[in-house]
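Quick notes on the structure that follows.
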Amino acid sequence: MDFKRLEYFCSLVEFGSFSKAATSLHISQPPLSQRIKELEEELGVTLIHRTSRSFQITPAGEELYHRAQFILSYIHAFEKDFLRSGDPVSGHVRIGVCPPCNSFMLEALPELQKLYPQLTYRLWLMDNQSLERHMQEVHLDLCLAQLPLKNQNYRIIPLRSSHYCALYGSGLAAPRKKSVRPADLKDVPLLLSRRRDDGGSYNQIMKTFQKEGIVPQVFADTQDVRIMVELLSRGLNAAAILPESEVPKNCTLECRRVHFNDLCTLPVILVLRQAYISHAAYRVIQFLYERFRSPEDRKDHLSQLFGEE
């Protein structure tokens, strides 16, 4: 199989038009169209339905696109690894991070820079649902996400969890006790972290209030934990329910631990099972696991998942 044809086909799917894909590949449209036809003839299937101005990808085309992403990721990463095999750890690592895991990267990157000065990074900061989509399309080498997950084709490496807390705005009086329960937040305007699919902590928090017969006063919800802290620091009269790990160390706001049916974060490192893991990406995964491994973790998940490679 001609891998160049696969690359052309993936570009066509990603750009959504022959003209845009051809421009990105630095070729004209006729050669691109010809390579796609040759690929269809080679495989004996129809990959796209052509119209006068556009095209529609077929189910066979969808399947080939996802498989081709894995194949091309192996080829490109292997070439780069092979060329750098005798050099210090170098390359480019693409990392996805969901909001409840921001603190991991804030702590890790300065140390990674000292440990591997020749590595560069691209950070994708977005919710779990978006991260999974980009993982499936092989746009990321790894991501720091939260359980539960939509897809199952991952190698999953658990990290240490964090309890949740109620962070009170500077204009709001916090209770004197060290922890709060749902009833203590009944009349408090709340800021909640909310994924697009309503999963994760948001769903758990709302169910806990419901079991207590309480209708919470949700002032605002957001995917970004940082904006909640900033709003409270600017005087918003509300309380944010967020992971203790995401409260800045220099934060002067009052913080109380929340007891909501054992609510805690479930952070993990994700990599696709079928995707090639470059030497550089593996070193970053190794560092993150060793740095943020749970004290209760008695298994060496890294060796178990990658020992065969």
Side-chain angles (χ1 to χ4, degrees), residues 70 73-74 77-78 80-81 84-85 87-128 130-132 134-136 138-164 200-201 225 242-247 249 264-309:
F70 289 121
S73 72
Y74 266 91
F78 178 77
K80 292 177 182 177
D81 268 7
R84 298 191 183 105
S85 58
D87 300 331
V89 178
S90 61
H92 188 68
V93 183
R94 304 163 301 170
I95 306 174
V97 187
C98 73
C101 294
N102 285 343
S103 60
F104 289 147
M105 291 313 301
L106 289 173
E107 187 174 336
L109 272 184
E111 296 183 37
L112 281 167
Q113 185 186 39
K114 295 176 183 177
L115 188 61
Y116 303 120
Q118 295 188 39
L119 278 185
T120 59
Y121 305 87
R122 184 176 186 188
L123 301 181
W124 300 53
L125 305 176
M126 57 189 68
D127 64 278
N128 249 49
S130 299
L131 286 177
E132 285 206 69
H134 286 291
M135 282 291 289
Q136 296 301 315
V138 202
H139 295 155
L140 299 170
D141 298 303
L142 65 125
C143 73
L144 295 170
Q146 287 282 328
L147 298 179
L149 304 167
K150 179 180 178 181
N151 297 285
Q152 304 298 321
N153 58 331
Y154 300 117
R155 297 176 184 182
I156 300 176
I157 304 172
L159 302 176
R160 69 183 183 218
S161 62
S162 171
H163 290 286
Y164 274 73
S201 63
V225 174
L242 73 168
E244 289 180 342
S245 60
E246 300 310 302
V247 178
K249 293 181 180 179
C264 63
T265 61
L266 297 171
V268 293
I269 301 172
L270 296 183
V271 294
L272 286 172
R273 289 188 182 278
Q274 303 95 327
Y276 180 84
I277 305 300
S278 69
H279 181 60
Y282 179 81
R283 288 299 184 188
V284 172
I285 293 169
Q286 184 180 45
F287 174 86
L288 292 172
Y289 181 55
E290 292 175 354
R291 187 72 178 80
F292 303 112
R293 184 175 178 175
S294 171
E296 291 78 28
D297 186 358
R298 296 292 180 261
K299 297 180 180 179
D300 187 347
H301 289 87
L302 199 66
S303 296
Q304 289 182 355
L305 291 175
F306 294 95
E308 72 276 8
E309 295 188 348

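- The two residues Asn128 and Pro148 come nearest to each other via the heavy atoms ND2-O, 3.7 Å.
- The CE atom of Met105 sits 12.0 Å away from atom SG of Cys98, with the distance rounded to the nearest 0.5 Å.
- Among all heavy-atom pairs drawn from Val93 and Val284, the shortest one is CG2-CG2, 4.1 Å.
- Closest approach of Ala281 and Leu142 over heavy atoms only: O-CD2, 4.2 Å.
- Cys101 approaches Pro267 most closely through the heavy-atom pair SG-CB, 3.9 Å.
- Across all non-hydrogen atoms, the minimal contact from Ser245 to Ser162 is N-OG, 3.1 Å.
- Arg160 meets the salt bridge (charged side-chain N to carboxylate O under 4.0 Å, His left out) test with no other residue; sequence neighbours excluded.
- Residue Tyr121 comes nearest to Ile95 through the heavy atom pair CD2-CD1, 3.9 Å, listed as atom of the first residue, atom of the second, then distance.
- In this structure, the side chain of Gln146 engages the main chain of Leu266 through a donor-acceptor pair within 3.5 Å.
- To the nearest 0.5 Å, atoms CZ (Arg293) and CG (Leu302) are separated by 9.0 Å.
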Chi angles and distances behind the side chain to side chain contact (heavy atoms under 4.5 Å, CB included) call for Leu123, Leu109: CA-CA 11 Å; Leu123 301 181; Leu109 272 184; 3.6 Å; yes

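- Side-chain polar atoms of Asn151 and Glu132 form a donor-acceptor pair below 3.5 angstrom.
- Distance check: Glu107 CD to Lys249 NZ gives 5.5 Å after rounding to the nearest 0.5 Å.
- Atoms CZ and CG, from Arg291 and Leu115 in turn, are 12.0 Å apart once rounded to the nearest 0.5 Å.
- When atom types are taken as modelled, the side chain of Ser201 and the backbone of Cys264 share no donor-acceptor pair closer than 3.5 angstrom.
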I would like to know whether Leu119 and Leu112 meet side chain to side chain contact (heavy atoms under 4.5 Å, CB included); could you show each step before the answer? CA-CA 8 Å; Leu119 278 185; Leu112 281 167; 5.6 Å; no

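- The aromatic rings of His301 and Tyr289 lie perpendicular to each other, with more than 60° between the two planes, well past the 30° mark.
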Which is it for Leu270 and Ile156 under the side chain to side chain contact (heavy atoms under 4.5 Å, CB included) test, yes or no, and what are the steps along the way? CA-CA 5 Å; Leu270 296 183; Ile156 300 176; 3.7 Å; yes

Does the pair Phe104 and Val97 meet the rule for a side chain to side chain contact (heavy atoms under 4.5 Å, CB included), with working shown? CA-CA 9 Å; Phe104 289 147; Val97 187; over 6 Å; no

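- With rounding to the nearest 0.5 angstrom, the CG atom of Leu288 is 9.0 Å from the CD1 atom of Ile157.
- Heavy-atom neighbours of Glu111 CD from other residues, nucleotides or ligands within 6.0 Å: above the threshold of 12.
- Tyr154 and Gln136 share a donor-acceptor pair across their side chains, judged by distance under 3.5 Å alone.
- Rounding to the nearest 0.5 Å gives a distance of 11.5 Å between CZ of Arg283 and CD1 of Ile285.
- A 4.5 Å side-chain heavy-atom check between Arg94 and His134 finds every atom pair outside the cut-off.
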